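What you see is a predicted model, and the numbers here were worked out from it, not measured in a lab. Sequence lines set the chain letters: A, B, ... in the order given, protein chains first and strands last, and positions in each chain run from 1.
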Amino acid sequence: MNYVELARGQAAQIIADAYRKACENGLLPQCDLPAPIIEIPKDLSNGDYASTFAMRNSKALGKGAPAVAQAICGCAELEGSFFSEVSAASNGFINLRLSHLWFEKALLAIHEEGENYGRSTQENPLNIMVEFVSANPTGPMHMGNARGGVLGDALAEVLSRVGHRVTREFYVNDAGNQIDKFARSIEARYFQLIDGEDSLVFPEDGYQGEDIKVLAALYRDMHGDALKNEPAEKRLEALGEFGISQNLPKMKLELERYGIVYDNWFYESSLYSSGAVERAMDALVQSGHTYESEGALWLKTTDFGCEKDDVLRRANGFYTYFAADIAYHSEKLGARGFDIAIDVWGADHHGHVARLKAALDALGLDGARRLEIVLMQLVRLTRNGEVVRMSKRTGKAIALNDLLDEISVDAARYFFSSRAADTHLEFDLDLAVRQNSENPVYYVQYAHARCNSILKNLSADGIETNPQNAGLNLLVDPAEADLIRELAQLPEEIRLAADSRDPSRLTKYATQVAAALHRFYTECRIKEAEEELRTARIYLINCVATVVKNTLSAFGVTAPDHM
RNA sequence: GUGCCCGUAGCUCAGCAGGAUAGAGCAACUGCCUUCUAAGCAGUAGGUUGGGGGUUCGAGUCCCUCCGGGCACGCCA
């Protein structure tokens, strides 16, 4: 149950009713006004909720905002609501104060819902696919993939928590030029192993990493030198397939270590073998938005507001990556039955967004609305203040696995979750490794450990620590009220994270809950409190533990019982 | 050159749909452990929200412009 939403709704209703009553009493003129906006002020000294109704409508009502606010307050009926007090501020704000009933109800809901607290349902649940990471299987994953991984995973999680049906997918780019490049790189290393360093010139645009040498050596160990005398085409195919067959399981393991498990791994190559690419291209030709020029097949993306048209099939007869991507996404939104497809992409692909949407629009799939791209700014990796370029081609990428050897999965996931996708993220390796207790993740986890520790301690003294619904009306200390207000916020935070496609706000929320707990812990004793109050505080502590755990689990971070 | 993203405290960043006195963490300084975990709490100091215009009762938030940084503009993926 979302008590923030409930209170907000009640407040809006109270003010709307009060306005109607003020009109009947001749205090205010009858106008057609928009629904009152209710906000939670930063500074709670004036009230728990506030409305800007008077300021917003003072012009329409022909009266000053303070006068409007006073008229509203005079007519407001609080009976049966969660509010105990309504007042007009001199600048026109209408302030409402929550009654203790609200605090008690909010706590009861947390305990009742337990690990489901924070979840909600949709009237019309959507079938949503979140596709993320989709790193090229040509080498180990880097920091950008690490960021995209938690972002996509957490996004999928919050979407499912608000009641949608969510599928996590990894798109395996096992076709196209970069695979050819990959195969030629392994080939060069393979020949170097057999015939010495100068046997075959290393491709200029090849993959330089050590992992390529390892793959070549592994292939030779397993299959010998026979491939050397095969035709080049057959050799490259064998080496490319071998490389992918080695890399892909490693990537799966790496992602699992990182806490990410996909529902489905979708292979680009399957789009060709299933005929999906052909079908999509035929459909595009049927749509009338294509033409042939200089031997190539073009899509008129300019029909949909793009700056220039794009090639679908090259003059050499091969389809472009764009063509495969159109086929892939038309399958998602068509045959595979997803209402919405969300892709998490690196910002370096942003130029691709408009034309993919355009292509889907041409196919009648409403790409403008049903395809959502979350663009993630690239991670700038620095070491000793120096920028480290992250590319698989140069072999200088820092692997996700290497990072996880240095810091915990929890620390890595929290760090990458803590900033919105569109912020430029700087990741200092030395700092990350050193960060330990300075990392906010420990601050939050400590809050959970503290709750548990208190309960364990009390339990050892023979005190009942299972939540007992009694004395909740005694929780009136400001530190207790602040804490409960924070706890009540979780369902709202998850809803906002899902709606705005931005789970990073939950790390900020987690920090706020932890801060409120730590303040409460300092201000309010539990062990020495009088029995009824102690019982109520034990109830509260149990709720805090639930909320911290449910928040951290949204981005895959654990809530330890002790630290 | 064109398009997208960013610019808030010394550093890393919040600021929800325009609202009351712009907030956290780190770093600095001052206090708080014989009492439930000090991985904590309280306090001090730190700001022309990149500059300049505009919109209005009100702008960090919206619009324009300039400055600075990142990314992209392939018959690569």
Side-chain angles (χ1 to χ4, degrees), chain A residues 37 39-43 45-46 50-52 54-56 58-59 64-65 89-93 95 136 138 173 175-179 181 205 268 293-298 307-308 310-316 318-322 324-325 346-354 375-378 380 418-426 428 431 435-447 449-458 460-461 463 479 492-493 496 499-500 502 504-505 507-508 511-512 514-515 517-529 537 541 562-563:
Chain A
I37 290 173
E39 26 189 74
I40 299 177
K42 273 179 276 188
D43 179 1
S45 57
N46 294 317
S51 179
T52 53
M55 292 106 98
R56 240 164 242 278
S58 84
K59 209 176 240 176
S90 57
N91 57 5
F93 274 99
N95 292 308
N136 278 336
T138 54
N173 298 119
N177 270 340
Q178 91 282 2
I179 292 300
K181 219 185 281 178
D205 55 353
E268 182 183 353
S293 171
E294 298 171 50
L297 178 68
W298 295 72
E307 285 191 12
K308 48 189 166 184
D310 296 279
V311 172
L312 295 168
R313 193 182 57 231
R314 304 183 189 104
N316 65 13
F318 287 97
Y319 288 110
T320 59
Y321 173 83
F322 182 42
D325 222 15
D348 53 341
H349 289 70
H350 79 252
H352 192 55
V353 175
L375 283 180
M376 177 188 74
Q377 294 299 316
L378 301 186
R380 240 164 85 92
S418 64
R419 302 218 165 81
D422 61 4
T423 60
H424 297 267
L425 182 57
E426 187 162 309
D428 188 310
L431 209 71
Q435 229 172 9
N436 281 329
S437 58
E438 291 167 23
N439 193 315
V441 72
Y442 300 106
Y443 182 81
V444 177
Q445 288 184 320
Y446 183 51
R450 240 182 179 171
C451 292
N452 243 276
S453 165
I454 296 166
L455 295 175
K456 214 168 84 185
N457 210 291
L458 291 166
D461 288 354
I463 295 165
E492 185 78 350
E493 290 290 341
L496 286 167
D499 289 353
S500 62
D502 175 22
S504 78
R505 57 177 304 126
T507 63
K508 287 147 212 157
T511 310
Q512 284 172 31
L517 180 274
H518 292 316
R519 251 178 277 125
F520 161 77
Y521 174 86
T522 310
E523 292 294 319
C524 305
R525 304 293 301 178
I526 295 161
K527 216 172 183 175
E528 290 86 16
R537 285 180 174 165
I541 289 286
H562 54 86
M563 289 172 73

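Distances from the side chain of A:Arg525 to the nucleotides B:A77, B:U35, B:A20 place B:U35 closest. Considering only side-chain atoms of A:Arg450, the nucleotide from B:A38, B:A77, B:C41 that sits closest is B:A38. With B:C41, B:C75, B:U2 as the candidates, the nucleotide lying closest to the side chain of A:Thr522 is B:C41. With B:A20, B:C36, B:A39 as the choices, the nucleotide that has an atom nearest any side-chain atom of A:Asn95 turns out to be B:A20. Counting only heavy atoms from C-beta on, A:His350 has its side chain closest to B:C71 among B:A77, B:C71, B:U21. Considering only the side chain of A:Val311, B:C75 comes nearest among B:C73, B:U2, B:C75. Taking the side chain of A:Met563 as heavy atoms from C-beta on, and the options B:C73, B:C5, B:A39, the nearest nucleotide is B:A39. Residue A:Glu268 has its side chain nearest to B:A77 when only B:C75, B:A77, B:C6 are considered. The side chain of A:Lys59 lies closest to B:C57, out of B:A77, B:C57, B:A72. The listed nucleotides are B:A20, B:C36, B:G70; the one nearest the side chain of A:His424 is B:G70.
We find that OH of A:Tyr319 is positioned 14 Å from C1' of B:C75, with the value rounded to whole Å. The distance from atom CD1 of A:Ile40 to atom P of B:A20 is 14 Å, rounded to the nearest whole Å. Straight-line distance from the CE atom of A:Met55 to the C1' atom of B:C57: 8 Å, rounded to whole Å. The distance from atom NZ of A:Lys42 to atom P of B:A24 is 11 Å, rounded to the nearest whole Å. Counting to the nearest Å, the C1' atom of B:C16 and the CD atom of A:Glu493 are 8 Å from each other. With rounding to whole Å, A:Glu523 atom CD is found 16 Å from B:C36 atom P. Put simply, NE2 on A:His349 is 14 Å from P on B:G74, counting in whole angstrom units. Across the protein-nucleic acid pair, A:Arg419 atom CZ and B:C11 atom P stand 15 Å apart, rounded to whole Å.
Side-chain nitrogen and oxygen atoms of A:Lys508 include none within less than 4.0 Å of the OP1 or OP2 phosphate oxygen of B:C13. At the phosphate of B:C36, neither OP1 nor OP2 sits under 4.0 Å from any side-chain N or O atom of A:Lys456. Phosphate proximity of B:C41 to A:Tyr443: present, with a side-chain N or O under 4.0 Å from OP1 or OP2. Contact annotation: A:Arg519 side-chain N/O to B:A42 OP1/OP2 distance is under 4.0 Å. Dashed line: the shortest gap from a side-chain N or O of A:Arg314 to OP1 or OP2 of B:A77 is under 4.0 Å. Checking the phosphate oxygens (OP1, OP2) of B:A38, a side-chain nitrogen or oxygen of A:Tyr521 falls inside 4.0 Å.
In this structure, the side chains of A:Cys524 and A:Arg537 come closer than 4.5 Å at one or more pairs of heavy atoms. Inter-residue side-chain proximity for A:Leu517 and A:Cys451 is flagged as met; some heavy-atom pair is nearer than 4.5 Å.
Within the nucleic acid shown, A:Ser418 has no heavy atom closer than 4.0 Å to any nucleic acid atom. No engagement by A:Cys451 is indicated, since no non-hydrogen atom pair under 4.0 Å with the nucleic acid exists. When heavy atoms are screened at a 4.0 angstrom cut-off, A:Leu458 is found touching no nucleic acid atom at all. Using a 4.0 Å heavy-atom criterion, one finds that A:Ala447 contacts no nucleic acid atom at all.
Aromatic ring orientation, A:Tyr443 versus A:His518: perpendicular (interplanar angle above 60°, classes split at 30° and 60°).
In this structure, B:C33 is classed as syn because its glycosidic torsion stays within 90° of zero.
There is no side-chain donor-acceptor pair under 3.5 Å between A:Asn136 and A:Thr138. With no hydrogens or angles considered, a side-chain donor-acceptor pair links A:Thr52 and A:Arg56 at under 3.5 Å.
An aromatic stacking contact links A:Phe93 with the base of B:A20, defined here by ring centres under 5.5 Å apart and ring planes under 30° from parallel.
Judged by the 6.0 Å distance and 45° axis criteria, A:Arg314 is not positioned over the aromatic ring of A:Tyr319.
If you take atom C1' in B:U8 and the same atom in B:G15, they sit 9 Å apart, rounded to whole Å.
A donor and an acceptor atom never sit less than 3.5 Å apart when one is taken from the side chain of A:Asp499 and the other from the base of B:A17.
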